[in-house]
Each structure stands twice: as structure tokens, then as C-alpha cells.
Amino acid sequence: MRGFSHRSRMAQMGYRREDFTGKPVIAIVNTWSEINPCHSHLRERAEAVKRGVWQAGGFPVEIPAFSITETYMKPSPMLYRNLLAMDTEETLRSLPIDGAVLMGGCDKTTPGLLMGAISVNLPAIFLPAGPMLRGNWNGQPLGSGTDLWKYWTERCAGTVTEEDWNAIESGIARSPGFCMTMGTASTMTALTEALGMTLPGASSIPAADSNHVHMSLESGRRAVEMVWEDEKPSDVLTLAAFRNAITVDMAIGGSTNAIIHLVALARRRGFDLPLPVFDEIARHVPVLANIRPSGEYLMEDFYYAGGLRALMAEIVDLLNLDCLTANGKTLGQNLEGARVTRHEVIRDREAPLMANGGTAILFGSLAPDGAVIKTAAADPRLWQHTGPAVVFRDSQDMEARINQEDLEVDENSVLVLQNAGPLGGPGMPEWGMLPIPNKLLKRGVRDMVRISDARMSGTAYGTCVLHVSPESYVGGPLALVQDGDPVTLDIPNRRLDLGVAEDEIARRRSQWIRPVPKEHRGYLALYRERVTQAHEGCDFDFLTREETAVDPEIH
Ligand code: FES
């Protein structure tokens with residue numbers, strides 16, 4: 001009777017029995033939406049994926065998933081990564097699906113789709129949406145985010161006219177695709193390839209390139225084969241694969257957000273990735289990708305330089321080449337023949353952008369559970385710095401006071417933002433690149449030490465200590481910092497310390513009052529109750545278990 005019901009409904013949609021009988025059903029999980037500019041081409045690309053599925057003898061079904069857009073979502077798209085993960089898991093589990101092609105790329109969609117796919121553990125392949133083409137202004141290349149921050153700083157300093165500002169606005173995003181700097185989108189899709197969850201070379205292809213259509217078709221074809229071979233995420237995502245991804249993250253000068261996402265992905269898979277592992281790997285991996293914000297070029301250049309395969313071929317001795325990947329071959333087999341064709345974009349081992357330590361993990365009295373800094377994008381003058389704190393209790397307080405003429409701040413001050421973490425934001429917004437006060441900008445100051453429990457856009461830069469854990473909202477030491485307290489950042493020794501006596505800290509703690517949450521219903525209430533801290537990946541505590549989703553009985 002149930003078979004009758006399924007088949008009659010297929011007939012209702014115009015399919016004949018022979019279209020689907022005996023064929024793997026491949027879900028094309030598509031995060032397209034009309035308000036997600038990074039994914040505006042994914043409907044078209046889904047057609048190419050379907051062609052591939054049909055060619056390989058499968059039956060494709062395109063299924064929409066929650067489209068998380070970085071640009072338009074308030075207060076932070078990070079709030080919704082776990083919702084996309086649940087959407088993906090429950091969609092794949094509850095429908096009669098045999099395998100999946102996961103389509104996404106805008107920052108949180110990649111980890112969200114993967115987290116769901118890991119938990120349901122059906123054969124799955126990821127198809128990155130691909131980066132935009134280079135931006136252009138007066139013949140100068142413009143990079144998403146990075147050049148927005150750069151020229152906004154100059155506009156605040158009074159060195160960019162309104163006419164120029166408008167021209168930059170028109171030129172910075174000129175094709176479909178995600179941010180084409182080494183922001184979170186480019187980082188996470190590259191790491192997905194390094195993990196083995198895409199076809200080789202998939203992550204570097206610009207969205208507008210015809211090769212992106214070809215890659216879409218091939219991903220559809222491969223998804224069908226993966227079902228027959230029963231190649232599941234649990235076969236691909238070994239601990240060695242995660243170490244490969246961290247190694248690649250360091251070599252590309254990846255977004256700090258990737259640390260949170262990799263921790264969350266690994267925990268879904270049943271592995272713990274403590275923050276010191278990232279630091280240990282960073283210490284012996286050179287930064288080779290000369291891409292903004294750490295470097296000079298953009299993802300289109302990276303593709304022409306040979307793309308991620310070429311970069312991985314440069315660090316082949318640092319990778320585990322035996323890891324299985326989505327095409328059924330090992331990483332080592334996939335890297336055969338890869339080579340760098342533009343050495344100014346993907347640097348040689350002898351001439352890296354940074355010899356090692358592009359990202360550092362800090363611990364200390366201000367961050368007992370850790371904090372993160374992207375050293376590659378910070379001013380080396382500030383790597384060891386002690387200065388008096390200028391404290392903002394939340395983002396509204398910061399916006400109200402940062403540009404007041406009477407704010408007591410100079411270039412040696414340390415700007416501190418509280419209540420911007422996973423619960424404080426909520427959703428850990430990308431407020432970690434605190435703006436330099438206008439009065440200092442006009443004096444030529446362009447970087448300062450900034451500390452918060454927030455995240456920072458992967459396209460941003462500066463000496464910004466992020467992800468301070470535990471966050472101030474739950475009473476972490478960051479909550480107890482006051483104006484004028486001496487704060488020490490010491491990147492070479494991986495320390496972040498508050499120079500206040502312990503008895504004074506104890507006195508402040510006894511007077512600290514936990515903020516009262518404003519959200520009492522819906523998804524935000526669930527988020528408040530169950531989200532974990534930054535060093536634990538900000539997943540929901542009830543989703544991190546390795547066990548595969550269990551189907552309820554069908555009667
Ligand atoms: Fe989508 Fe940057 S806004 S990747």
C-alpha cells in the first residue's frame with residue numbers, strides 16, 4: 001500500500017515507473033534563495049547536477065534548505081548554522097533518500113550542510129557555490145569585505161569622497177558567487193575539499209566560470225556512484241582528514257571562523273579537536289596563499305594559480321595522503337600532477353607569506369578556555385603589547401561612545417567589547433574588528449589591540465583577539481574587565497592576561513550580575529538553552545553525539 005502511494009504520487013509529478021525504479025534517489029539540497037546573492041546561480045547549477053545524476057543512472061530530487069545569507073540576516077547568521085544543520089539532517093533522514101549533493105558556500109551554509117550530513121551519515125558530496133569574480137574600481141581589484149573595511153576606514157578618516165564611495169559600492173560585487181577574499185566562505189569550501197568531501201579542485205572554481213557547470217554535473221554523477229559504493233561521511237571524515245583540513249587552513253591563512261566550524265564538525269563525527277591542536281599545527285605550517293585579507297590577491301587569481309590542489313601539492317609532506325575522498329580515490333592520488341602556475345599568488349615554501357603561526361591560540365587569565373587571533377592579519381608591532389583597557393559593555397554601548405571626542409583612548413589603549421559571544425550576541429556576531437575611534441583615524445592610527453568574545457569576518461583584519469572563552473555573558477573573566485585595567489597580549493608566548501590582582505577580581509566577581517535573557521520563546525530560546533561555547537564549536541549540546549540519527553518506527 002505504501003509503495004502504491006509513493007508511485008502514484010510520482011506519476012502525479014509526471015514520472016514513469018522506469019524513471020525511478022531501482023535507481024538511487026539523490027537529494028540535491030539547495031540553499032538557493034532570492035535574498036542570498038552568494039547563491040543566486042544555484043538554481044541553474046542544480047539543473048547541471050540533475051543532468052549528472054540522470055547520466056549516472058540515478059533519480060534526482062531538488063530539495064530547498066534554509067538559505068543562510070551573511071549579508072542580510074540579523075543579528076548574526078551564525079545563530080542559524082545549527083538550524084540549517086537540523087534542517088539538512090531531518091530532511092535527509094525523513095525522506096526516502098539514498099545520497100545527497102549539498103549545494104552551498106556562503107559562510108555558514110557549508111558547515112551547516114556538512115554537520116547535518118555527518119549526523120545522518122548517508123553518502124554525500126559537497127558542491128561549493130564558488131567565489132565571485134574580482135571586484136573592480138578604477139582598474140583596481142576590489143576584495144569583498146576586506147576593501148569595504150579598508151575604504152570605510154578611509155571614508156571615516158575623510159580621504160575617500162562620496163563619489164568614490166558610490167563607485168566602490170557598484171564595483172565590489174559584480175558576479176554570482178560568494179566573497180572572493182579568503183573569508184569564511186572561501187576558507188570553509190577549501191577545507192571541505194581538504195577534508196575530502198568535494199571532488200578534487202571543486203572549491204577554487206569561480207561561480208561564473210563554465211568549469212563550475214562542469215563540476216556541478218560531475219558532482220551529480222559521482223553522488224550516484226557513491227551510493228552504489230556506500231561511501232559515507234564517516235568513511236571520509238577521519239581524524240587524519242581533520243588534521244589535513246587544519247593544515248590547509250593554516251596554509252591558506254584561513255578565516256578564524258573555521259576553527260569554530262571544524263570543532264563543531266569534528267564533534268558531530270565523535271572527535272574532540274581541542275584548541276591547542278590548531279596552535280600545534282599552525283606552528284609548523286607556512287602561510288602560502290597570498291590572498292586578502294592576509295595577502296594581496298583574490299580567489300580568481302588563486303584559481304588561475306592552480307587552486308587548492310596546487311597549494312596542497314606544495315605542502316604534500318605535511319598532509320596525510322592516504323585519506324579517502326569523495327571521488328573514491330585518496331588525497332595523494334588527487335594531488336598527482338597538481339602544480340602552481342603563478343608563484344606570486346601561491347608562494348613557494350622558500351618564500352612564504354609567513355613562515356608559520358598564521359593563526360594563534362591564546363590562553364591566560366583573560367581567556368582560561370582559549371581565544372583566537374589571526375596573526376597573519378595583525379600588525380607585528382602589536383604582537384606583544386600591554387595597554388589600558390577601554391571597555392564597552394555591549395555593541396550598543398560601543399556604537400554610542402566609540403567616536404565621542406571625550407572618550408579616553410589613544411593608540412596604546414586596548415579596546416574591549418563584552419557581551420558579544422554565543423549567548424551574549426546572541427549568535428556571536430562578527431563584531432570583533434572593533435572600529436578604530438575616528439579621532440585616532442584622523443591621527444593616522446590604523447590598528448590597535450582589540451579583544452572580544454565575538455567573531456570577526458574572515459575578510460576582516462587587524463590585531464583582533466576573538467572568541468574569548470568562556471564569554472562575558474556567562475561570567476568569563478572578560479566580564480570583569482574595567483576601564484584602565486592593564487591588558488597584555490603576547491602572541492609569541494600565546495598569552496592573554498589581565499593585570500589585576502586576584503583579590504580584586506574576586507571582589508568584582510562577587511558583585512557581577514548575570515544578564516537576563518530577553519528571548520523566551522521560539523528558536524532563540526532553544527539557542528540560549530542549548531548552545532555550547534566557542535571552544536566547543538557553538539553546536540547544540542544535544543546534536544554533538546556521534547550516533548547516527550535513528551528512524552522512528554513507521555506503521
Ligand atoms: Fe556570502 Fe560573504 S556574503 S560569502
Side-chain angles (χ1 to χ4, degrees), residues 30-43 45 65-81 84 102-114 126-135 141-152 168-193 198 202-208 212 249 252-258 260-261 289 291-294 298-300 302-303 308 374 377 427-433 455-461:
N30 196 345
T31 49
W32 170 91
S33 104
E34 278 189 340
I35 198 161
N36 190 339
C38 302
H39 296 179
S40 61
H41 56 306
L42 290 190
R43 265 191 138 176
R45 293 296 180 275
F66 185 22
S67 186
I68 304 176
T69 167
E70 203 66 21
T71 311
Y72 295 107
M73 208 160 247
K74 63 184 178 183
S76 163
M78 180 64 178
L79 197 57
Y80 299 106
R81 182 201 63 180
L84 171 60
L102 311 167
M103 300 178 74
C106 187
D107 294 19
K108 311 303 176 292
T109 53
T110 303
L113 289 163
L114 287 174
F126 192 86
L127 174 60
M132 284 179 241
L133 300 177
R134 294 183 202 100
L142 288 175
S144 316
T146 306
D147 284 303
L148 161 66
W149 322 124
K150 176 178 150 188
Y151 287 110
W152 176 246
I168 292 167
E169 183 177 300
S170 307
I172 201 164
R174 62 186 188 91
S175 85
F178 53 66
C179 293
M180 71 329 230
T181 39
M182 193 54 84
T184 307
S186 298
T187 301
M188 283 311 300
T189 47
L191 301 194
T192 304
E193 181 173 337
T198 73
S203 67
S204 312
I205 307 171
H212 195 268
D249 185 26
I252 61 178
S255 162
T256 44
N257 287 325
I260 296 178
H261 298 318
I291 309 292
R292 298 177 203 186
S294 305
L298 295 166
M299 288 305 291
E300 190 179 344
F302 187 70
Y303 178 54
L308 191 72
K374 188 169 181 177
M428 216 181 167
E430 292 184 338
W431 295 334
M433 190 174 87
R455 296 175 301 113
M456 174 173 91
S457 165
T459 64
Y461 51 86

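Values below: all heavy atoms of this structure, side chains included; hydrogens, waters and symmetry mates excluded. Ligands are counted one by one from 1 in listed order, and the atoms in each one are counted from 1 as well. Fair warning: this is a prediction, and the values are worked out from it, not measured in the lab.
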Arg134 backbone acceptor or donor facing Arg174 side chain under 3.5 Å: yes
Exercise: do Glu430 and Asn257 side chains pair donor with acceptor under 3.5 Å: yes
Per-atom contacts, ligand 1 versus Ala185 - under 4.0 Å to a heavy atom: 4 (S)
Ligand-residue contact atoms, ligand 1 with Thr71, heavy atoms, under 4.0 Å: 3 (S)
Pair Thr184-Ser255, side-chain donor/acceptor within less than 3.5 Å: yes
Pair Arg455, Ser76: side-chain N/O donor-acceptor within cut-off below 3.5 Å: yes
Atom 2 (Fe) of ligand 1 to nearest N/O/S of Cys179 below 2.8 Å: yes
Ser40 side chain to Trp32 side chain, donor-acceptor N/O pair below 3.5 angstrom: no
Interfacing atoms of ligand 1 (cut-off 4.0 Å, heavy-atom, Cys38): 1 (Fe), 3 (S), 4 (S)
Ligand 1 atoms in contact with Cys106 (distance to a heavy atom under 4.0 Å): 1 (Fe), 3 (S), 4 (S)
